[in-house]
Amino acid sequence: MFQSPIARNKAPKVDWRAYLVPENWARFMPADHATWDRLFERQMARHRGDFVHAFIGGIVRLGLQEPGIPRLERLSDRLEGQSGWRLVPVEGIVPDDAFFAMLADKRFPIGNFIRDGRHLDYLEEPDCFHDIFGHVPLLAYQPVADAMEAMGHLGQAACASGLGEEMSRLYWHTIEFGLAREEGRLKLWGAGLASSFGEAEHALVADLPRPRFTLKDAANTAYRSDRFQPLYFLSDSVEDSCALLGDLTLDDLASLGAGQAPRYAAEDERMAHI
């Protein structure tokens, strides 16, 4: 009998609950809610037409247009009704194995803080605006939700098998910083782009490579975590990329990672110091 990719990618469970913290939503001050509102309004005013349709649909269905930092319990109830996922508060970035274990259990971690309102574009690590505004709308879209669950199972197995870097690259070039073609236009679907005012613009208009997304090329292309990306992968559609990611197995990943960096990445001077 054939097994699904999720069944073939099973790995020892990691206790991701050890990384949870109390939400304590009441500690957010009026200034914190004002920062959220400013960030939300700025992104929607400038980039509403640049998001893929499923992203805007998720904002509407989840009520994210309501003012103030969302309460995770309430937002989780709405999200669970759409795709079966829930949101969990964490102090900051969690280790890869715990992160992928969360995804495998259909839980998405939310940084339990918001950036300083005096520095809207500065982040040492992802805050609740990045995590909620950037990721959650598409978690309400079933193709993305299913791909994320599958990536959770595969990511755990990859971390345990020495393929964590290849897995991280696939996640980075799609879920975090992917572009997609929709209605003949470049559209934003990666959370790192959707939640960043400056990089969203950079990804759409800068003179840089936007190669067509393939699993092999993305798995062999390094990325930057300290500045704007020097290139962005362009998916034929969100659905196509999610289908590719959802069908991937550990054996597939090992094969992908055996390749070399694509020519446009290896020869691009902007990649030289990665």
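Since the structure is predicted, the reported quantities are computational estimates derived from the model, not experimental observations.
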For Gln142, does the CD atom sit with more than 12 other heavy atoms under 6.0 Å from it, leaving out its own atoms?
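More than 12 heavy atoms, drawn from other residues, nucleotides or ligands, come within 6.0 Å of this atom.
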Arg48, CZ atom: more than 12 neighbouring heavy atoms under 6.0 Å:
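Counting neighbours around CZ of Arg48, 12 or fewer heavy atoms of other residues, nucleotides or ligands fall under 6.0 Å, so no.
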Please name the residue in the list Arg78, Arg74, Arg71 that meets the salt bridge (Lys or Arg N to Asp or Glu O under 4.0 Å) test with Glu66.
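Considering Arg78, Arg74, Arg71, a salt bridge (Lys or Arg N to Asp or Glu O under 4.0 Å) with Glu66 is found only for Arg78.
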To check you understand the geometry: which heavy-atom pair defines the closest contact between [X] and [Y], and what is its length?
X      : Y      : value
Ala145 : Ser83  : CB-CB, 3.8 Å
Gly92  : Glu125 : CA-OE1, 3.8 Å
Cys128 : Ile69  : SG-CG2, 4.1 Å
Leu208 : Pro230 : CB-O, 3.6 Å
Ala219 : Leu170 : N-CD2, 3.8 Å

Chi angles and distances behind the side-chain contact (heavy atoms from CB on, under 4.5 Å) call for Leu138, Val52:
CA-CA 9 Å; Leu138 282 179; Val52 294; 4.3 Å; yes
When you check the side-chain N and O atoms of Gln229 and Trp172, is any donor under 3.5 Å from an acceptor?
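There is such a pair between these side chains.
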Backbone N or O of [Y] within a donor-acceptor pair of the [X] side chain at under 3.5 Å?
X      : Y      : answer
Asn112 : Glu23  : yes
Arg210 : Ala203 : yes
Arg107 : Trp16  : no
Thr249 : Asp252 : yes
Asp127 : Phe129 : yes
Ser235 : Phe213 : no
Asp146 : Pro143 : no
Gln82  : Arg61  : no

Do [X] and [Y] have side-chain heavy atoms sitting under 4.5 Å apart?
X      : Y      : result
Trp25  : Glu73  : no
Leu179 : Leu204 : yes
Leu193 : Tyr232 : yes
Phe100 : Met167 : yes
Trp85  : Leu87  : no
Pro109 : Tyr19  : no
Tyr171 : Phe99  : yes
Met44  : Ile59  : yes

Partners of Phe228 by ring pair (Phe, Tyr, Trp, His ring centres under 6.0 Å), sequence neighbours excluded?
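If we apply the ring pair (Phe, Tyr, Trp, His ring centres under 6.0 Å) test to Phe228, skipping adjacent residues, the hits are His202.
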With sequence neighbours excluded, residues passing ring pair (Phe, Tyr, Trp, His ring centres under 6.0 Å) with His135:
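Here the qualifying residues are Phe108, His130.
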From [atom1] ([X]) to [atom2] ([Y]), nearest 0.5 Å:
X      : Y      : atom1 : atom2 : value
Ile132 : Trp36  : CD1   : CH2   : 4.5 Å
Leu215 : Arg169 : CG    : CZ    : 14.0 Å
Asn220 : Glu166 : CG    : CD    : 7.5 Å
His47  : Ile56  : NE2   : CD1   : 11.5 Å
Asp50  : Gln43  : CG    : CD    : 10.0 Å
Arg86  : Asp105 : CZ    : CG    : 13.5 Å

Going through the checks in order, is the side-chain contact (heavy atoms from CB on, under 4.5 Å) test met by Met102 and Leu20?
CA-CA 11 Å; Met102 289 178 178; Leu20 302 189; 4.2 Å; yes
Are [Y] and [X] co-members of a hydrophobic cluster defined by side-chain heavy atoms under 4.5 Å apart?
X      : Y      : answer
Val205 : Phe197 : no
Met29  : Leu72  : no
Leu64  : Leu188 : yes

Evaluation steps, side-chain contact (heavy atoms from CB on, under 4.5 Å), between Trp189 and Ser241
CA-CA 11 Å; Trp189 79 283; Ser241 288; 4.2 Å; yes
Between Phe55 and Phe133, is the ring-ring contact (aromatic ring centres under 6.0 Å, His included) condition met? List the steps.
CA-CA 9 Å; Phe55 184 91; Phe133 182 88; 5.4 Å; yes
Could you walk me through whether Leu75 and Ile110 pass side-chain contact (heavy atoms from CB on, under 4.5 Å), step by step?
CA-CA 12 Å; Leu75 183 56; Ile110 305 296; over 6 Å; no
Using the side-chain contact (heavy atoms from CB on, under 4.5 Å) rule, pick out the option among Leu163, Leu103, Leu248 that qualifies with Leu154.
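Only one option passes, and that is Leu248.
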